[in-house]
2 protein chains.
Amino acid sequence: MQDQTAATRKGRPPAKAHDAHVDLIAVVVAVTDQEPSVLTVGQANALPSGPFELGHRSLQSGLRAWVEQQTGHQLGYIEQLYTFADRDRIGEQRQQRVISISYLALTRAEHAAGPSKRAWRSWYDFFPWEDHRSGAPPVIADTLLPRLLAWVDERDHDPLKRERWQRAAIAFGFDGRDWNEELVLQRYELLYEAALVEEATRGSEPNKSLPISGISMIADHRRILATGIARLRSKIKYRPVVFELMPPAFTFLQLQRTVEALSGRLVHKPNFRRLIEQQELVEETGETTADTVGRPAKLFRFRHAVLDERVVAGTKLPLSRA
Amino acid sequence: MQDQTAATRKGRPPAKAHDAHVDLIAVVVAVTDQEPSVLTVGQANALPSGPFELGHRSLQSGLRAWVEQQTGHQLGYIEQLYTFADRDRIGEQRQQRVISISYLALTRAEHAAGPSKRAWRSWYDFFPWEDHRSGAPPVIADTLLPRLLAWVDERDHDPLKRERWQRAAIAFGFDGRDWNEELVLQRYELLYEAALVEEATRGSEPNKSLPISGISMIADHRRILATGIARLRSKIKYRPVVFELMPPAFTFLQLQRTVEALSGRLVHKPNFRRLIEQQELVEETGETTADTVGRPAKLFRFRHAVLDERVVAGTKLPLSRA
DNA sequence: CCATTTATTCTCTAAATGAGTATAATTTGG
DNA sequence: CCAAATTATACTCATTTAGAGAATAAATGG
């Protein structure tokens, strides 16, 4: 799953007319001080990216080269996210097609020294409504809910109103529904559709009452970031990827705080420990933490062997033994 | 998740030199007569595909257009699979880069009449080792195991031998391990690496003792098909996508047989029923089947409402209530 | 009517999950 | 040095879910 790439098709006449510009773009994630952060460039409002060039051996190596050049950061774990190609989601129009192939990279924030243009930034700067670690953030009730209600009311008649309202309610957990932390992309797309994010209004006249929600990014980078967050929030649940973000040795609490930072939710401490233990994902290093107050915690390391042993979780289909 | 696309990047000088040819390629799946089949073109050894052109509104609409033109088949549900760009996996070398953006489409085999070049073909023709509905297929013990052992033995020394053997054992369930039906792509890649599939030997001199395993496809289409099968086998477990493959009304057994066809494994009938029922995925139509022997089965239909109600399964993180 | 076939419902046990409570090992303020 | 305070770790208990199979129901074909 971590290394897929290849060209295809048999000798078809090269259709130069349709050739496209291909960009590689990276969502590089680290967690430091209980804050999930993303690697940015420029005015801290762009993801590292660059064109896929003839010199690149593969998509992945092209991506690594660009990120390293632009941020000085070397990537470890990466996986492909999604390939975008909409014309209408970019401000300017061009004659030529642009394809963006996005990747998710997991890393630790330290790594390589020296002065560089790299800037880590909490992803909740861009998505303030996504952090529910201390309850639902006020921005939802104060800003988003009223605005979304207005957007629902744009519709004249009932079935259409209800459809909009239901979508909003599912995405944000209104009407007593549960908050679902995985719906990052749906929420962003809804806000985009309701024109509650700055980038949705770029083509139009500057409306001073907007924008309102979070820091925006250039082009559609915020959408790509949303895609990455959604993927990661989903993936930590069934694959041991959190450990890519951890130092070599860590305590249970540190691990828990990392998961909480990513998912934007608090987890139940004893049950979290039980979950990790029963899956045998970690082993004791023998050391304990010294620096803290309270009872010192044992240090653990990730059991890399699990990557070989059980490639994947379990079934979920009620298989028959026959 | 079903409709994502967009262009990116701010005004960077168009780097014509690096422009790439972009192909769209479809894994179109249907299940008929308990056989999972894939839509092919050409000599029934190619997936429908075509270049992404300026006239296409989006990647998805371009894909739909090509499939419709080449097969006369109209697509319903589609989702993006993966974007490939390896140079070394295609027979011929070219100066220009080729990007293949692949999609998975789910449909029903009937649909549109008239003469057409479309051909449905069981995916097990291409992956005979993947069908475990009547136990492990003989090809594994008879052909693959000995060949893989020889491949393991190519390595001179122990740690390297062990590493190869462990990979094979995990992928194919040797050494008393369980068969994991989701590892379709890993298995294919392993066979490719061990040169046990025809396409792995295309650059080299024709070795008569090979090829051996399944029907091959042009270029890297078989790899893309493997990617699609793997995705589908994984996805049916946590999202109600099987219903895209079912007729409007169906019995529990038909539904079960469809799941079995896709996963290549038999499921436990009462527990399968319980699973579907407790998730309230279906409702009775009121009719029953007439044509069969034995007790007539009730007919059910998919409750489309579930797509709105619960967008997604559940948590899997031990959340705290606070 | 009886054997056969398929459908549907139950039962029972073992695991996994959710939610707390209890106990252990430290540090820190007096 | 002792009593909070603080964090870590271990247990408990009820509830749900999953795995495996038995029992019952409703047809068909003689």
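So you know, we letter chains A, B, ... as the sequences are listed, proteins then strands, and number each from 1.
- Looking at heavy-atom distances under 4.0 Å, B:Lys298 makes contact with sugar-phosphate atoms alone, never a base.
- In this structure, the ring-ring contact (aromatic ring centres under 6.0 Å, His included) partners of A:His132, at least two apart in sequence or on a different chain, are A:Trp179.
- Each of A:His268 and B:Leu299 was matched to the nucleotide of DNA chain C holding its nearest heavy atom; the match closer to the 5' end belongs to B:Leu299.
- For the pair A:Arg274 and A:Thr289, both in contact range of DNA chain D, the more 5′-proximal nearest nucleotide belongs to A:Thr289.
- Residues meeting the salt bridge (charged side-chain N to carboxylate O under 4.0 Å, His left out) test with B:Asp178, sequence neighbours left out: none.
- With sequence neighbours excluded, the residues satisfying salt bridge (charged side-chain N to carboxylate O under 4.0 Å, His left out) with A:Glu277 are A:Arg273.
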Side chains of residues 28-35 of chain B: which donor-acceptor pairs under 3.5 Å do they make with residues two or more places apart or in other chains?
{"residue": "B:Glu35", "atom": "OE1", "partner": "B:Arg133", "partner atom": "NH2", "Å": "3.1"}
{"residue": "B:Glu35", "atom": "OE2", "partner": "B:Ser122", "partner atom": "OG", "Å": "3.0"}

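- Using a cut-off of 4.0 Å between Lys/Arg side-chain N and Asp/Glu carboxylate O, A:Glu130 and A:Arg233 are scored as salt-bridged.
- Under the ring-ring contact (aromatic ring centres under 6.0 Å, His included) criterion, B:Phe126 pairs with no residue at all, not counting sequence neighbours.
- Taking A:Arg167 as the reference, A:Glu163, A:Glu193 meet the salt bridge (charged side-chain N to carboxylate O under 4.0 Å, His left out) condition, with sequence neighbours excluded.
- Under the salt bridge (charged side-chain N to carboxylate O under 4.0 Å, His left out) criterion, B:Glu283 pairs with B:Arg301, not counting sequence neighbours.
- Where A:Pro296 and B:Ala297 each meet DNA chain C at their nearest nucleotide, the meeting point lying more 5' is that of B:Ala297.
- Nearer the 5' end of DNA chain D, as judged by each residue's closest nucleotide, is the contact made by A:Arg273, out of A:Arg273 and B:Val293.
- Scored by the ring-ring contact (aromatic ring centres under 6.0 Å, His included) test, B:Phe174 finds B:Trp165, B:Phe172 as partners (sequence neighbours excluded).
- The nucleotide range of DNA chain D contacted by chain A, defined by atoms under 4.0 angstrom from heavy atoms of the protein and reported 5' to 3', is D:dT6 to D:dG21.
- Note on the helix from C:dC1-D:dG30 to C:dG30-D:dC1: angle between the axes of the first and last five pairs equals 10°, rounded to 10 degrees.
- The outermost nucleotides of DNA chain C lying under 4.0 Å from heavy atoms of chain B, listed 5' to 3', are C:dT5 to C:dG20.
- Looking at B:Glu244 and B:Arg108, no side-chain N of the basic residue comes within less than 4.0 Å of a carboxylate O on the acidic one, giving no salt bridge.
- When the ring-ring contact (aromatic ring centres under 6.0 Å, His included) test is applied to A:Phe302, the partners found at least two apart in sequence or on another chain are A:Phe243, A:His304.
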